[in-house]
Amino acid sequence: MIDLNLPKYSRAGDSFHYRWGARRCLEMLHPNSNIEMIKIEGSEEYKLKGEFLIDVAEYSQGKDKNKRDVIYYQLKHSTKRVNKNFTFTELKKTITGFADRFNDIRNDKNSAISSLTFAIVTNREISKRFKKTIIKFSKGRKPTNSTDYSFLKSIDLKGRNLIAFCKSLKLYDGEGNYNEQKYELHSQISNLIGVTSDTSLLNHIISLVKECALPENDGKIVKEDILKRFGVTSEKELFPAITQSQNIQNLVKREQLKDLSESLFSDNKVKVIHASGGIGKSVLARQLINQLPPKSIGIIYDCFDSGRYRNISHSRHRYKDGLIQII
């Protein structure tokens, strides 16, 4: 009997790929990220073996500035067999292709790759026996069962190369299906911008990944491409303003400090202190915080920043910058 849902299962797999790829792209925006570029459906090293196995290739700055760290991902999504563990037999083609590429790169003395990782990402569980095989050989141990021997026979690697390949092989199973990838992507976007994201932004980023999977596209996505989807051109416009307050030691108390403190704390009304530039409002604010009653919370946010707020790339006075930083 023909299963009429087969096309839908295929679409679910595509959605898993696009949404997971979009999540990796968002990683480029994190302040401490060193990811330089992500390529969809293939790699920069397209002449090497195993090219058609690579769904996402991730490139980061290596310790040697002239070389890059590379992660090759293959994504596998299941709809009907989600409760059945992946065995080595099912993953054999992928593992063999990864091993061939590993050999190509290791034998290339001019390779610009400093660190190499091969990763399988799936919403299914991968058999514990196969996981143990990878761990065993990464520690230089000898084969003890049929899975071990089948693995060795398929990859044709020995000694240090075998150990290095197994150390480079990462298995990420139980990743969550295509729907869960959408929820995770939504959450990542919200964490980045500090507020609940709308569906249109999520769809913009997924569409970018979809476009990069098309034949006429080179598949490359860089940080600037993702920032455009957020409607900005720099991380400075996306994240809270950087703290500019100076830590001044040995402040001299102003004569007005006592009167101001008593006035501020005498009732629950909002108070506004204003004065011309350069008078010392920021310093006074620091002193007032030290006068707060026990268990009080004092917050200082300098939205003026010596006038630099007028620069469009240093916006600090907008609520979407200030409130996020304060919170």
Side-chain angles (χ1 to χ4, degrees), residues 3 5-24 38-43 48-58 70-103 116-139 141-157 161-185 209 213:
D3 188 344
N5 284 319
L6 285 177
K8 294 183 179 181
Y9 299 152
S10 177
R11 300 292 181 272
D14 291 342
S15 293
F16 176 84
H17 283 56
Y18 299 145
R19 292 168 182 178
W20 190 91
R23 289 180 59 198
R24 289 310 304 168
I38 286 177
K39 189 173 174 70
I40 306 298
E41 297 295 344
S43 70
L48 299 181
K49 295 176 182 177
E51 176 67 10
F52 295 112
L53 297 170
I54 299 170
D55 295 312
V56 176
E58 185 175 294
V70 181
I71 305 176
Y72 297 125
Y73 293 99
Q74 187 183 68
L75 311 179
K76 290 182 175 293
H77 181 272
S78 294
T79 303
K80 293 195 70 175
R81 297 191 296 165
V82 66
N83 294 320
K84 183 179 179 181
N85 289 355
F86 262 123
T87 62
F88 169 67
T89 302
E90 292 177 280
L91 298 173
K92 184 176 179 178
K93 182 179 179 181
T94 298
I95 300 299
T96 302
F98 279 171
D100 290 340
R101 174 164 287 228
F102 175 85
N103 259 331
L116 181 61
T117 301
F118 297 93
I120 297 175
V121 180
T122 174
N123 66 317
R124 284 169 63 182
E125 294 289 335
I126 296 175
S127 74
K128 293 181 180 179
R129 189 170 189 176
F130 178 52
K131 289 179 180 178
K132 289 179 179 178
T133 292
I134 301 302
I135 295 172
K136 182 185 299 181
F137 290 133
S138 69
K139 296 181 178 179
R141 297 175 183 171
K142 296 181 179 181
T144 58
N145 56 57
S146 58
T147 300
D148 294 350
Y149 286 107
S150 296
F151 176 77
L152 290 176
K153 185 178 179 180
S154 66
I155 63 173
D156 194 27
L157 291 172
N161 283 341
L162 173 62
I163 293 173
F165 174 68
C166 289
K167 285 184 176 180
S168 73
L169 186 59
K170 307 299 179 184
L171 306 176
Y172 301 112
D173 56 359
E175 271 289 296
N177 65 18
Y178 66 102
N179 272 327
E180 292 176 64
Q181 294 301 317
K182 181 179 180 179
Y183 301 143
E184 289 295 330
L185 180 58
V209 178

A side-chain contact here means heavy atoms from C-beta on lying under 4.5 Å apart; do S146 and R129 qualify? yes
In terms of heavy-atom contacts, I126 and N85 come closest through C-CB, 4.5 Å
Hey, could you give me the CD1/OG1 distance between I95 and T89, rounded to the nearest 0.5 Å? 11.5 Å
Check for a donor-acceptor pair, side chain of Q74 on one end and backbone N or O of L53 on the other, with a separation under 3.5 Å. yes
Parallel, tilted or perpendicular, as decided by the 30° and 60° cut-offs, for the rings of Y172 and Y73: tilted
Is it the case that atom CZ in F86 sees more than 12 heavy atoms from other parts of the structure closer than 6.0 Å? yes
Answer whether the closest heavy-atom distance between the side chains of T94 and F118 falls below 4.5 Å. no
Would you compute the distance between atom CG of D14 and atom OH of Y9 and round it to the nearest 0.5 angstrom? 15.0 Å
For the CG atom of L48 and the CG atom of D100, what is their distance to the nearest 0.5 Å? 10.5 Å
Locate the shortest heavy-atom distance separating N123 from G176; write the atom from each residue and the value. CB-O, 3.6 Å
Donor + acceptor pair across side chains of T144, K136 (<3.5 Å): yes
When you measure from the side chain of S150 to the backbone of T147, do you find a donor-acceptor pair of N or O atoms at a distance under 3.5 Å? no
Just say parallel, tilted or perpendicular for the rings of F130 and F88, cut-offs at 30° and 60°. tilted
Smallest separation among heavy atoms of L116 and S168, with atom names: O-CB, 3.3 Å
Polar contact flag, side-chain donor to acceptor under 3.5 angstrom, D148-T133: yes
Point-to-point distance, once rounded to the nearest 0.5 Å, from CZ of F52 to OG of S43: 10.5 Å
Is N177 close to E180 at the side-chain level, that is, under 4.5 Å between some pair of heavy atoms? yes
When you measure from the side chain of E90 to the backbone of T87, do you find a donor-acceptor pair of N or O atoms at a distance under 3.5 Å? yes
Taking side chain to side chain contact (heavy atoms under 4.5 Å, CB included) as the test, write out the residues that go with E184, two or more places apart. R23
CG of N179: more than 12 outside heavy atoms within 6.0 angstrom? yes
Side-chain donor or acceptor of Q181 paired with backbone N/O of G21 under 3.5 Å: no
Measure the shortest side-chain to side-chain distance between L162 and L152 over non-hydrogen atoms and say whether it is less than 4.5 angstrom. yes
Measure the spacing between CG of L169 and CD1 of I120 and express it to the nearest 0.5 Å. 5.5 Å
Around atom NZ of K84, are there more than 12 heavy atoms of other residues, nucleotides or ligands at under 6.0 Å? no
Sequence neighbours left out, what passes side chain to side chain contact (heavy atoms under 4.5 Å, CB included) with H17? Give chain and number order. D55, L75
Under a 3.5 Å distance rule, please check whether R124 uses its side chain to pair with a backbone N or O of R81 as donor and acceptor. yes
K170 side chain near I71 side chain, heavy-atom distance below 4.5 Å: no
Taking the six-membered ring of Y72 (Phe, Tyr or Trp), confirm whether the NZ or CZ of R101 is under 6.0 Å from its centre and within 45° of its axis. yes
